[in-house]
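Take a look at the structure set out below.
The structure displayed is predicted, hence computed values, not measured ones. Throughout, residue positions are numbered sequentially from 1 according to the sequence presented.
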Amino acid sequence: MASGPAASGNAEPSNKSTADTPQLISPPDTKTPPTDQSKRQRDQPESSSMARPTGSDPVSAIALTKALHKLDRSRDSTPAPSPSRKRARLNHDQPDRFMPSRSGVDLNIFHTREFRDSTPATPSRTNRVSNGELNYQRVEEANKTFENLLRTELFDDTIHRSGTPATPSRKNIFNFTTRSGHVTPHSLPRSQRGPNMNPHSELYSLSPIKRSSQSLLLEPRKQPRAVSKVPYKVLDAPDLADDFYLNLVDWGSQNILGVGLRNSVYMWNSDTGRVSQLCELPDDTVTSVNWIQRGSHIAIGTGRGFVQIWDANAGRRLRTMTGHTNRVGALAWNDHILTSGSRDRTILHRDVRQPEQWIRKLTGHKQEVCGLKWNPEDGQLASGGNDNNLMIWEKLNAEPTYKWKSHEAAVKAISWSPHQRGLLASGGGTADRKIKFWNTLISPYASSSIARNHSTDPSVPANLLKTVDTGSQVCNLAWSINSNELVSTHGYSQNQIVVWKYPSMQQVASLTGHTFRVLYLAMSPDGQVIVTGAGDETLRFWNAFKKRPTEEDSFMRVGSNEIIR
């Protein structure tokens, strides 16, 4: 069988013999045609070094060995840089040599900026601390100590007792001074020269750091509070809804936990550990649960818009109240006033002592009301909705005192501080991820003037005190009644529980375990335990806060000193 280019028809027949020009055969399974020898000869330049002249002598092996040896020595003596795939772009408008800048640099300002940018701050979307970090507080404290130590060593700053360095002084750090900070003796008059008799002078110090830095390191540190990363109890909660807008878990003053599961309400007694069923709605679903502040009455919101009031001790329903046309996702008690928020965008105030179904209707929200919390001390009601609005209502007024749209997502997480009057915390959903703190005692008529003093942006409300980006959807907020701390539960994408220290908003602990969004949160009456619920159909109990100091503890502390003044 014929083979080669002539047989395939891809090249013209050659006049030379096959011994001078061997023909290239295409592989049997390839579709690539053989190389065109005539095209290669046409493209080959006549002056190419690869062209072998006719009748040239063979290369000597000895000469080739010497040439290679000389090439190896030149490579060893002058190493070449690593090859780069990208060719450097040349700019002909600039000189081909790098000329260093001779302008002065304020190292104090540069150092301050560097440390401000590198200081561990509250975790955000771009720089978030890992949830598995067990020693987060210790690492945070060590970073601050190292920052202060390095700052005072470089810039000779004074360290305050609080650990915050003073403003860097503007001085030339390259001035030649002694370790004690005095001017060189050669610049003093001869009559003033003499030995340094100060025993505390750094001239005699054996430590490589200054005395101020030594006192900073030797200062006793406050030990971070230990919080268990593992829940001490986990309960199964079948059919616990994975719905952001519902409130299905609440812990009453009689130490009984109420949970809504589909069309039933169950109670878990913390003292005995027993679980009992309070009620079952045959043709309805449970959408919210809320205990009265004192007593055994519990309010239940349903998917058909009803509000039922039950006596938990007696196990009987007291009354069913109407007024809403859609599901009731939020409930809040204020003594005998029961407030309900619905998907029909209305808020109803109900006096459970009167026969009327409701006494006042609030129509400020444009979408479903998903957050309601009363502040009994000041008579203020905070409401949040799916319209991203946060509103403050005074007592039973029909118009809101404040209407803020600073969040960029639904506002379900709302909590009033028990330690400071008028302090409200609110959290936004997935598109917002922020916790905001508000002062609700400022007059709305003075808001514009105060806002100009606090912020250059006139759209920022004067009542806004602080904003913290958590990096995750904020589902719930609750203040500790024992300490000035705050707990938040989150959804996408971390599904964690975070304990914060207010007002610094440093993380005390980050608790993980839920595999779905942590949509439900309640706190025990003593303020030590929190329970969280999620779409993974589990309830987890965490020892999150310290025990409240009692009068007996105070007496023991006084007795230990043995002196009463």
Contact check, side chains of [X] and [Y], non-hydrogen atoms, under 4.5 Å:
{"X": "T325", "Y": "T346", "result": "no"}
{"X": "V529", "Y": "W251", "result": "yes"}
{"X": "L511", "Y": "K229", "result": "yes"}
{"X": "N495", "Y": "F516", "result": "no"}
{"X": "T440", "Y": "W416", "result": "yes"}

When every non-hydrogen atom of D351 is compared with those of R319, the smallest separation belongs to O-NH1, 4.3 Å
Nearest heavy-atom approach of V498 to S510 is CG2-OG, 4.3 Å
What's the separation between atom [atom1] in [X] and atom [atom2] in [Y], rounded to the nearest 0.5 Å?
{"X": "Q380", "Y": "L424", "atom1": "CD", "atom2": "CG", "value": "8.5 Å"}
{"X": "E394", "Y": "L381", "atom1": "CD", "atom2": "CG", "value": "10.0 Å"}
{"X": "L248", "Y": "R262", "atom1": "CG", "atom2": "CZ", "value": "12.5 Å"}
{"X": "Q293", "Y": "H336", "atom1": "CD", "atom2": "NE2", "value": "11.0 Å"}

Handout entry: Residues D526 and K547 bridged, charged N to O under 4.0 Å
Key = no
- Below 4.0 angstrom, N of the basic side chain to O of the carboxylate: do R327 and E368 qualify? yes
Checking L464, V411, I392 against W404 for side chain to side chain contact (heavy atoms under 4.5 Å, CB included), the one that qualifies is I392
#### Entry: Stepwise side chain to side chain donor-acceptor pair (under 3.5 Å) test for T532 and W542
CA-CA 8 Å; T532 57; W542 315 80; 3.0 Å; yes
### Message
Apply side chain to side chain donor-acceptor pair (under 3.5 Å) to residues H324 and D344 and explain how you reach the verdict.
### Response
CA-CA 7 Å; H324 290 295; D344 62 8; 3.2 Å; yes
Problem set entry | Flag for S426-W438: side-chain donor and acceptor within less than 3.5 Å | yes
inquiry  = Show, in sequence, the C-alpha distance, side-chain angles and deciding distance for R304 and D283, and conclude whether the salt bridge (charged side-chain N to carboxylate O under 4.0 Å, His left out) test is met.
reply    = CA-CA 9 Å; R304 297 177 58 184; D283 55 350; 3.1 Å; yes
Please check if atom CZ in R540 has more than 12 non-hydrogen atoms from other residues, nucleotides or ligands closer than 6.0 Å. yes
Checking W358, W393, W374 against H349 for ring pair (Phe, Tyr, Trp, His ring centres under 6.0 Å), the one that qualifies is W374
In terms of ring plane angle, is the pair [X] and [Y] parallel, tilted or perpendicular, where the classes change at 30° and 60°?
{"X": "W500", "Y": "H490", "answer": "perpendicular"}
{"X": "W268", "Y": "F541", "answer": "tilted"}
{"X": "F437", "Y": "W479", "answer": "perpendicular"}

Would V474 and D432 satisfy side chain to side chain contact (heavy atoms under 4.5 Å, CB included), going step by step from the backbone distance to the final call? CA-CA 8 Å; V474 184; D432 184 73; over 6 Å; no
